[in-house]
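Here the structure comes first, spelled out in structure tokens, and everything after it is commentary.
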Amino acid sequence: MSAAEDPPFAVRARDAGGQAVLEFEGDLDVLGIAEAREAVRRAQDGASTVVLDLRGLRFMDSSGLRVVLEAHRRAAAEAGRLLIAPGDGAVRRVLDLSGVAGLVELVDEPPEAA
């Protein structure tokens, strides 16, 4: 698939031994925020541990940061756990520069599928 055919944003959910893993791909910006929020809400409704796998993102702006922070706040309020797999590219840089990396629990890779 060429870059022109790549979807702007997609999220895929899977179970990893009772942990909900959300794999984000593409660009997480204002156009994808509603889909991302809904996916995170469903995951947090169904699992006490949610992993946001951001390694497939090409780009993330402040809308994406808002999704991460909202998920972090909800996990903290409900005694849940939120893990973020940012990868080592542009998304990691956004998390680092914004200070969000210091607030959330970062992991190198999400757990394997159950």
Side-chain angles (χ1 to χ4, degrees):
M1 188 180 284
S2 73
E5 297 170 341
D6 287 345
F9 176 73
V11 61
R12 194 171 47 242
R14 66 177 174 84
D15 179 79
Q19 297 180 30
V21 178
L22 298 177
E23 298 171 342
F24 290 8
E25 295 181 4
D27 298 336
L28 181 50
D29 56 19
V30 70
L31 297 177
I33 193 169
E35 183 179 355
R37 278 182 167 154
E38 179 61 19
V40 171
R41 184 197 59 77
R42 283 191 314 265
Q44 288 184 309
D45 283 349
S48 61
T49 299
V50 174
V51 182
L52 302 184
D53 183 355
L54 308 181
R55 298 173 303 158
L57 290 177
R58 294 181 300 257
F59 172 81
M60 183 173 80
D61 69 3
S62 60
S63 301
L65 285 174
R66 178 175 294 266
V67 169
V68 171
L69 288 170
E70 288 171 351
H72 171 69
R73 286 187 194 114
R74 181 172 177 195
E78 297 178 4
R81 187 171 181 208
L82 178 71
L83 305 172
I84 309 292
D88 57 6
V91 171
R92 174 61 189 250
R93 184 166 164 79
V94 168
L95 292 173
D96 288 341
L97 291 174
S98 66
V100 173
L103 299 175
V104 298
E105 187 174 351
L106 300 179
V107 296
D108 291 332
E109 295 185 16
E112 294 297 319

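As a basis for the values below, the full set of heavy atoms in this structure was taken, side chains included, without hydrogen atoms, waters or symmetry mates.
Note: the hydrophobic cluster containing L103 does not contain V51 (ILVMFWY, side chain heavy atoms under 4.5 Å, direct or indirect links). Linking ILVMFWY residues whenever their side-chain heavy atoms come closer than 4.5 Å, directly or via other members, leaves V94 and L83 in distinct clusters. At a threshold of 4.5 Å between side-chain heavy atoms, the hydrophobic network of Ile, Leu, Val, Met, Phe, Trp and Tyr places V100 and L22 in one connected group. Residue V21 is not grouped with residue M60 when hydrophobic side chains (ILVMFWY) are merged at heavy-atom distances under 4.5 angstrom, including chains of intermediate members. F59 and L57 fall into different hydrophobic clusters, where Ile, Leu, Val, Met, Phe, Trp and Tyr residues are linked whenever their side-chain heavy atoms come under 4.5 Å apart, directly or through other members.
For R93, the CZ atom counts as loosely surrounded, since its 6.0 Å shell holds 12 or fewer non-hydrogen atoms of other residues, nucleotides or ligands. The number of heavy-atom neighbours closer than 6.0 Å to CZ of R66, taken from other residues, nucleotides and ligands shown, is 12 or below.
Looking at every heavy atom in both residues, V30 comes nearest to I33 through O-CG2, 3.4 Å. Nearest heavy-atom pair across A101 and L106 is CB-CD1, 3.9 Å. Listed here is the closest heavy atom pair of A90 and R58: CB-O, 4.3 Å. Nearest heavy atom pair, residue G18 against residue A47, reads O-CB, 3.8 Å. Residues F24 and L52 approach most closely at CZ-CD2, 4.2 Å, considering heavy atoms.
Ionic pairing of R74 and D45 is present here: one or more N-O contacts between side-chain nitrogen and carboxylate oxygen are shorter than 4.0 angstrom.
Side-chain contact between L31 and P8 is absent, with no heavy-atom pair separated by less than 4.5 Å.
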Go through the steps to decide whether R73 and E70 satisfy the test salt bridge (Lys or Arg N to Asp or Glu O under 4.0 Å), and finish with yes or no. CA-CA 5 Å; R73 286 187 194 114; E70 288 171 351; 6.0 Å; no
